[in-house]
Amino acid sequence: MGKTTDLETELLVVGGGLGGVAAALTAARLGRRVVLTEETDWLGGQLTAQAVPSDEHPWIETEHISPGYRELRERARDYYRRNYPLTPDALKDPTLNPGLGNVSKVCHEPRVGVAVIDEMLARYVSAGRITVLYGQTPVAAATDGDRVTAVTLKDRRDGTMRTVTARYTADATELGDLLELADVEHVIGAESQDDTGEPFAAPEADWTDQQAITWCFPLEYRPGEDHTVDKPASYDHWKTHVDDFWPGPQLSWMKIDIHTNAGRENRIFEGDMDAVRLPDLWHFRRIRARSQFDPRLVDTDISLVNWPNTDYWEAPLVGPGIDEAARATALQRCKELSLSYLHWMQTEAPRHDDGHGYPGLKLRPDLTGTDDGLAKSVYIRESRRIKARFTVLEQHVAAVDRPEGEGAEQFADAVGIGHYNIDLHPSTAGVNYVNLECYPFQIPLGALIPVRMRNLLPACKNIGTTHITNGCYRLHPVEWSIGEAVGALAAYCISEDTEPHAVADEPRLTEDYQRLLTQTLEISIAWPEDIRRTRPSQTVKNATPLLALPDRRVKSGAGDGR
């Protein structure tokens with residue numbers, strides 16, 4: 001083990017995903033000193049190290065978006081304009097979408113996200129306001145009563161230990177690691193209906209009910225070439241094993257239709273590959289559309305594989321008795337599932353033009369910065385969550401639980417806005433999809449404040465949501481807005497010599513903090529009336545209508561019960 005070094009700062013942000021980056025940038029912009037840590041060598045979390053292009057709401061191109069997240073998206077477009085061989089039409093398109101993927105109006109390569117985030121941080125890093133520590137894993141947290149006094153980090157490269165002391169600490173880790181290390185009251189998995197009153201909650205609390213993880217990877221397709229990967233050790237298992245709630249082996253084109261829970265086929269290619277939008281897998285998260293680039297230099301699409309059949313739901317990553325070895329086993333199995341799916345697509349998958357296998361599917365390790373071509377980190381959908389002063393419930397946001405036209409619950413202490421449907425993937429408890437349409441919603445301050453700890457704040461998927469509402473608060477722009485609110489809250493508390501609980505308890509301080517958000521940072525904390533009261537599926541072209549079916553929540557072997 002290497003030597004120990006000590007650091008001191010005003011705000012420590014542990015975790016360099018979108019929430020962590022937003023928290024660090026916001027606090028630095030408000031004049032505070034920040035140490036930002038990241039386990040890999042890439043900042044950006046789900047957008048970069050996990051390789052998932054943004055999942056965004058229908059109003060993402062309007063003024064109803066955080067200025068910081070708007071800058072992130074526009075810098076991505078500008079990066080392509082400055083550095084890529086775009087066609088003349090693509091170059092002059094103010095709404096350039098490099099990948100023309102279905103999930104976002106700015107689908108781009110993960111490396112571009114890394115470059116853009118580095119650009120956004122550069123001025124503050126140069127000024128000494130932000131110190132970025134890469135390759136750092138939190139291994140211990142010291143507390144004094146209701147306060148975190150220090151966090152110890154281990155360098156994954158050489159074993160060096162760093163102890164960082166800070167007035168405020170933000171947990172922006174993907175799994176809420178500091179909540180466990182600092183003994184912060186938290187929830188894992190699903191709450192019961194008795195706990196929350198949510199119609200789609202589990203009949204009984206179940207910590208094993210955690211959303212599937214996915215090891216994502218980018219592919220290009222080169223017909224006539226052979227880029228077949230080695231057959232993984234667990235290939236035969238994934239080819240033959242069938243879970244009770246799934247319509248067949250995962251190595252197939254079969255998936256669950258989220259509207260009916262019936263099995264249906266969804267192949268990789270349907271129709272013209274150069275089409276802007278098709279309901280096949282290839283167009284789903286396409287991150288490079290060759291039609292946008294000079295064909296003399298770019299002759300293939302690139303699509304990001306984060307598809308239903310690569311979801312790993314065999315074992316959870318956190319919970320009682322899950323040690324480092326068990327987590328490592330689950331991660332290895334998840335990685336083998338992804339590689340097995342790729343091998344199956346290359347060798348055995350039914351083709352769109354008859355025959356079997358697409359050996360021309362090629363991994364692009366240069367785009368992920370890894371040797372094996374998979375993302376640097378696994379895509380994690382669900383984290384430990386704080387027991388908060390206020391918990392957002394299904395009844396606050398889901399359209400099926402709200403009077404028609406009323407919109408989502410309005411929070412007097414709102415600190416940001418967001419939108420996505422409640423999107424729960426199959427879980428490690430054998431629970432099927434839950435997919436409910438939501439009204440545009442707010443982020444309440446109470447959901448960012450632990451019931452007890454005074455100077456630790458959640459800045460990722462670990463806020464005061466339930467297992468159900470995590471499904472709409474976990475996406476890229478919402479995570480960014482959570483991080484902004486936390487960075488601003490820490491900066492405000494330092495400047496005003498107060499603390500988060502007091503800000504939440506005293507209306508004068510709440511309103512003062514909200515003015516910091518809305519006037520100084522120009523962050524929207526409320527939707528306009530005409531948007532907040534309307535379902536996206538009723539008003540927005542190409543929005544997907546989502547229905548609430550009573551049998552949506554189907555447990556393995558439990559028939560059609562919830």
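Just so we're clear, the structure is a prediction, and the values are computed from it rather than from any experiment. FYI, the numbering just counts along the sequence from 1.
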- Query: Asn306 and Tyr379: side-chain contact (heavy atoms from CB on, under 4.5 Å), yes or no, with the steps?
  - Reply: CA-CA 9 Å; Asn306 173 20; Tyr379 177 35; 3.6 Å; yes

- Task: Could you go through the side chain to side chain donor-acceptor pair (under 3.5 Å) check for Gln442 and Glu409 one step at a time?
- Result: CA-CA 8 Å; Gln442 295 174 302; Glu409 185 80 13; over 6 Å; no

- Query: Given His425 and Asp311, is the side chain to side chain donor-acceptor pair (under 3.5 Å) satisfied, shown in steps?
  - Reply: CA-CA 8 Å; His425 283 232; Asp311 280 3; 2.6 Å; yes

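Residues Ile386 and Val187 fail the side-chain proximity criterion, which asks for heavy atoms closer than 4.5 Å. Under the 4.5 Å side-chain criterion, counting only non-hydrogen atoms from C-beta, Asn435 is not in contact with Leu424. Within the 4.5 Å cutoff, side-chain heavy atoms of Trp207 are placed close to those of Pro316. With a 4.5 Å cut-off on side-chain heavy atoms, Cys493 and Val503 count as touching. Using a 4.5 Å cut-off on side-chain heavy atoms (C-beta onward), Thr196 and Glu394 make no contact. At a threshold of 4.5 Å between non-hydrogen side-chain atoms, the residues Leu179 and Thr173 do not count as touching. Put simply, the side chain of Phe441 reaches to within 4.5 Å of the side chain of Val478, judged on heavy atoms. With contacts defined as side-chain heavy-atom distances shorter than 4.5 Å, the pair Glu314/Thr428 does not qualify.
A donor-acceptor pair is defined here as one N or O able to donate and one able to accept, closer than 3.5 Å; no such pair exists between the side chain of Thr391 and the backbone of Lys387. Between the side chain of Thr208 and the main chain of Ala429, no donor-acceptor pair closer than 3.5 Å is present. No donor-acceptor pair closer than 3.5 Å links the side chain of Glu204 to the backbone N or O of Ala202. For Gln211 (side chain) and Ser427 (main-chain N/O), no donor-acceptor pair under 3.5 Å exists by modelled atom type. Within the 3.5 Å criterion, the main-chain N or O of Lys461 finds no donor-acceptor partner in the side chain of Arg474. Side chain of Asp171 to main chain of Leu178: a donor-acceptor pair is present (N/O by atom type, distance under 3.5 Å, no hydrogens or angles). For His186 (side chain) and Val184 (main-chain N/O), a donor-acceptor pair under 3.5 Å exists by modelled atom type. A distance-only check finds no donor-acceptor pair linking the side chain of Gln395 to the backbone of Asp401 [under 3.5 Å]. The main-chain N or O of Pro450 is found under 3.5 Å from a side-chain atom of His501 such that the two form a donor-acceptor pair. A donor-acceptor pair is defined here as one N or O able to donate and one able to accept, closer than 3.5 Å; no such pair exists between the side chain of Arg385 and the backbone of Gly176.
Partners of Asn309 under the side-chain hydrogen bond (donor to acceptor under 3.5 Å, both in side chains) rule, at least two apart in sequence or in another chain, do not exist in this structure. Legend: residues meeting salt bridge (Lys or Arg N to Asp or Glu O under 4.0 Å) with Asp55, ordered by chain and number and at least two apart, are Arg285. By the salt bridge (Lys or Arg N to Asp or Glu O under 4.0 Å) test, Arg384 is found to be paired with Asp177, Glu180, residues two or more places apart in sequence or in another chain being considered. Checked against ring pair (Phe, Tyr, Trp, His ring centres under 6.0 Å), Trp282 has the following partners two or more places apart in sequence or in another chain: Phe269. Partners of Asp194 according to the salt bridge (Lys or Arg N to Asp or Glu O under 4.0 Å) rule, which considers only residues two or more places apart in sequence or in another chain, do not exist here.
If you take CD1 on Ile60 and OG on Ser54, they are separated by 8.0 Å, rounding to the nearest 0.5 Å. Atoms SG and CG, on Cys107 and Asn97 in that order, are 5.0 Å from each other to the nearest 0.5 Å. If you take CH2 on Trp313 and CG on Asp243, they are separated by 6.0 Å, rounding to the nearest 0.5 Å. Rounded to the nearest 0.5 angstrom, Ile65 CD1 and Glu71 CD are separated by 11.0 Å. Atom CG of residue Leu281 and atom CZ of residue Arg286 lie 13.0 Å apart, to the nearest 0.5 angstrom. The CD1 atom of Ile422 sits 10.0 Å away from the OG1 atom of Thr465 when rounded to the nearest 0.5 Å.
Taking the six-membered ring where the residue is Trp, Trp59 and His419 present perpendicular rings, their angle passing 60° and hence far from 30°.
Taking the centre of each ring, Phe411 and His396 come in below the 6.0 Å mark. Residues Tyr473 and Tyr420 keep their aromatic ring centres 6.0 Å or farther apart. In summary, the aromatic rings of His57 and Trp527 are positioned with their centroids under 6.0 Å apart. Centroid-to-centroid, the aromatic rings of Phe245 and Tyr433 stay 6.0 Å apart or farther.
Taking 4.0 Å as the cut-off between side-chain N and carboxylate O, Glu529 and Arg532 count as a salt-bridged pair. No salt bridge links Arg70 with Glu63; every basic N to acidic carboxylate O contact stays at or beyond 4.0 Å. Between Glu61 and Arg73, at least one side-chain N (NZ, or NE/NH1/NH2) sits under 4.0 Å from a carboxylate O, which counts as a salt bridge.
If you check the side chains of His476 and Glu56, you find no donor sitting under 3.5 Å from an acceptor. Side-chain atoms of Glu479 and Gln46 form a donor-acceptor pair, as typed in the model, at a separation below 3.5 Å. A donor and an acceptor atom, one from each side chain of Thr510 and Asp413, are nowhere located under 3.5 Å apart. When only modelled atom types and interatomic distance are considered, Gln519 and Gln514 share no side-chain donor-acceptor pair under 3.5 Å. Side-chain atoms of Thr466 and Glu198 include a donor-acceptor pair closer than 3.5 Å. One side chain, His283 or Asp280, offers a donor N or O that lies under 3.5 Å from an acceptor on the other. Using modelled atom types and a 3.5 Å distance limit, the side chains of Glu484 and Trp480 yield a donor-acceptor pair.
Residues Gly319 and Ile188 approach most closely at CA-CD1, 4.0 Å, considering heavy atoms. Nearest heavy atom pair, residue Glu38 against residue Gly15, reads OE1-C, 4.3 Å. What you find for Pro218 and Leu304 is that their closest heavy atoms are N-CD2, 3.7 Å. Contact between Gly44 and Val21 at its shortest, heavy atoms only, is N-CG2, 4.4 Å. Contact detail for Ala388 and Gly446: the closest heavy-atom pair is CB-O, 3.6 Å. Heavy atoms only, all atoms of each residue included: Cys460 and Ile482 are closest at O-CD1, 3.7 Å.
Taking the ring axis of Trp42 as reference, the NZ or CZ atom of Lys376 stays within 45° of it and closer than 6.0 Å to the ring centre.
Each of Thr520, Asp512, Thr498 was compared with Tyr492 under the side chain to side chain donor-acceptor pair (under 3.5 Å) criterion, and only Asp512 meets it. When Leu337, Val305, Thr310, Leu374 are each tested for a side-chain contact (heavy atoms from CB on, under 4.5 Å) with Trp215, only one passes: Leu374.
The side chain to side chain donor-acceptor pair (under 3.5 Å) analysis of residues 445-457, with sequence neighbours excluded, yields the pairs Asp146-Arg452, Glu185-Arg452, Arg454-Glu499.
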